[in-house]
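Encoded as structure tokens, the structure appears first; notes follow it.
These figures come from a predicted structure and were not determined experimentally. When a ligand or atom number is given, it counts from 1 through the structure's own listing order.
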Amino acid sequence: MKSFVKMFVVLAVLLLTANVRAQMPQQLSDPAVRVGKLPNGLTYYIRHNEYPKGQADFHIAQKVGAVQENEDQNGLAHFLEHMCFNGTKNFPDKLILTWLESKGVKFGMNLNAHTGTDETVYDIMNVPVQKKEVVDSCLLILHDWADALTLADEEIEKERGVIHEEWRMGNGAVSRILNRHAAELYPGTKYATHDVIGSMDIIDNFKPQVLRDYYEKWYRPDLQGIIVVGDVDVDAVEAKIKELFSPIKMPENPAKFEYQVLGDNEEPIVISDKDKEMPANVLFVAQKYDFLPREFRNTDIGILMEYIDFIINQVLNERLTAIQLSPDAPFSACDAAMSNFLYANTKGALLFQAVVGDKGSEAALRAVLTELKRMQKFGFTAGEYERARNEYVSALEKQYNNFKTSKNDYFTQIYINNFIESNPITAVDYEYNTMKDQFAMLPVDQINAYIKEQFVPGKNLVVMSLCPDKEGVAVPTVDQLKQVIAEVDSAEVEAYADNQVTEPLMEKTPKAGKIKKETKNDALGYTQLTLSNGAKVVLKKTTFKEDEIRLYAVSKGGASVYDANDYSNAVFSCDMIGSTGLGKFSYTDLQKILSGKQASVSMDVSAYDESVSGRSSVKDLETMMQLMYLSFTQPREDKAAFENIKKMMISQVENASHSPQYVFQDSLVTNLYGHHPKAVIQSKEAFEKVDYDRAIQIYKERFANAADFTFFIVGNFDENQIRQYVKQYIASLPANKNFEKAVNDGREIVAGNVRKQFVNNNEGKLAMLAMVWNMDMPLTMKNKLIVSITGQLMSNELLNSVREDEGAAYSPYSVGYIDRTYKDNATIQTSFGLNPDKYKTSETATIKSLEKLSKDIPVAELKKMQEYMLKSYDENIVENGYWLGVLESYVVDGEDMYTGYKKAVEELTVGDIENFVDKLIKSENRFEILMLPE
Ligand SMILES: [Zn+2]
């Protein structure tokens, strides 16, 4: 608290400068949300919101998590979260799941929960609430979670295996190292001993009463918040909350609720460790600081802090990116963020995370500490601040313009954060005006003064080096790292020299072409233009969002028109080329030019096509069109920058390749396609094959002919203006007569029943299993529905058998889709990590799960999926991104995936699914791959 007094003075000066009342700041509020507290202490937030129409989100947030556990409860806060789906008073057994799924609310997707060190939050989202009973039942579920869990012995027994598998999936190298050093990182707090997933000894052996004790002690009204946002009647919801939750009693002698206070450290905390499976050579540097005390967070100071955090993030990351892209960079990636200090939500940190380059950890540390010191000493330059502020204001404007179509979860997150962390809740106009007209007007000197106060050099520094344990990686000693800290401490740093870029993105615009033909399609509501250079443009004006325009352009061909030797040059080089800049501008200069603009474009070459994706605000549409034009015509030819990025990507992927998940994915892809030379994932070998000259040549070939592309522009554009831009920036693109198709390059899933098994010795004793069934099947709306629903039904079967009955895996799942390459192919695929002792039963259960779907599917099961698809459709049809997909299918592939969709969903029968699954099984194309730890 003491250090805050000084901070408060600085912040008060900032507020004064920004013309905001500087006396004891007022608590903020928003009249659009109904906030209340019941006599028993329970808090609620209710807001009416109509996006998406007819749906609502329901949450219960608890201010308790792992740090409330006793020693014999280590891991039980999280265990309890799982038990909330295994039976309550009004929803016995699995009724919460089955009832919600019958309304189209999907487990995992719309129904979820998470446990942290200091919070536990349950989510029921995207619930269709046209019927009042549905609202009441969702509130009843929240009620049961709050106070009426069954916690039956046999359900607890069954859940032990599931949690154990969740631990296995999450117990990677990083968490192993963090756990080894928890006592150094969080001295004197429970963060040192309670990491949420907990002790497996306790998970496997605890007595059920120990879990019930935690529930009784900590799930109580004064620590609970109910949040409801959506297309609901606020008065009715409030009345129901009062009725349901008022009878819940506070415990007689409630246990004292306390936050874990993590102290300062005068001397740097320095840690160095290694692990064979570290996916990268990583360096963490944290400069800890005190968060604003809770009582000030929901005030003008709170929103001012949000602005300052944004500015610090923005400017620091601009500096770090410039270093990262320089030749001889000491790290291959580095970002900085104002955030929690790792697990501890009671302490803030400016947290740097660097991927160490080939110069080693000490060089990376030196670079990071130097930037930290530079910022502490000199703050930011006026030019840097100006760009960051423009970026802030333009993002703020876009958000404000689109406010009407903010989704339910935008609000629920604010209310959950307000309840748990006391973060601000403000009326949208107040926040917008205060931020834009007052805080964003603060001069750079004030920001710099704040930085000086907030980050005291030498104090509160934490350095952690996490190295892969392998040949060629030098693991620094703690003393070596301390030596670097001392060196930087005594070294001189200079103020940052910012080279400003004042030139425009395009000096002169290209010679405009013409629109030769316009046709309208009323069914899908679009206009198609044919341009003088042969390019086709599809325009669909929408007002789903006030301030959003999306672009997509696609042309067939991709890597399929090249032989296997060129596969890397075609598909893995686009990112490298994109990161070298554009036209005459380097990547960092380009970012400077684009600061304050909401416009982006990215290019992609994939196996069977090449494409362009872009998005912008209404105001920055022309910038997006210019970026697109330049990406087609003037990729930046900078061999040195390209090689630098290639080297960076190689070192990143090389380290990642030691994780068991990577090894499995690699084996899955290569074996699934019978070792076809084009069936490769991102790897050191694949990246090393990239040749600069050839990659640039292929990129140019792929984007040489605009006439072979169809462009789709969807969003809130002006009809006249968009035609001007289309003529100016698309009709002017070069074109030729080379029209291409996706070519059969022989990359096919292996035929027949194939089973592979291999060994990967990993620390966590993780096994992984994937099964893939496939057959040729034309991509039509109906087929697409059948295959997708089969995947979803299969997921449910796996959850019931592999997870709930066997306790063999934490998240077994399956997907179904039809792939369009040079032909159409239906695939059902499962892939999950599992307990190696239970691989045989998992294999059998997976095969049986699909077989079950070939006969006697209960109609109710299909109905659940139909409800979900219908609900998702209602959400999708008001999204610009959805329309890009519909228009592409229709215009490029001739498949109408929109007209009659709901009818097609409703008319699906269990017979349709059973027939498909029967054929799929009889086609005898089942691929299986199993990885065992020993
Ligand atoms: Zn869990």
Counting distance only, does the side-chain N/O of [X] pair as donor-acceptor with the main-chain N or O of [Y] below 3.5 Å?
X      : Y      : result
Glu184 : Ile269 : no
Thr120 : Val64  : yes
Ser175 : Gly170 : yes
Asp335 : Phe352 : no

Exercise for review: Determine whether the side chains of Gln209 and Asp213 contain a donor N or O and an acceptor N or O closer than 3.5 Å.
Suggested key: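 Gln209 vs Asp213: donor-acceptor pair found between side chains.
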
Practice item. Output yes when Arg168 and Glu165 qualify as a salt bridge under the 4.0 Å nitrogen-oxygen rule, no when they do not. Key: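 Here Arg168 pairs with Glu165 in a salt bridge, since their nearest N and O are under 4.0 Å apart.
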
Practice item. Quick one: give me the number of protein N/O/S atoms under 2.8 Å from the Zn ion (ligand 1). Key: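 Number of qualifying protein atoms: 4.
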
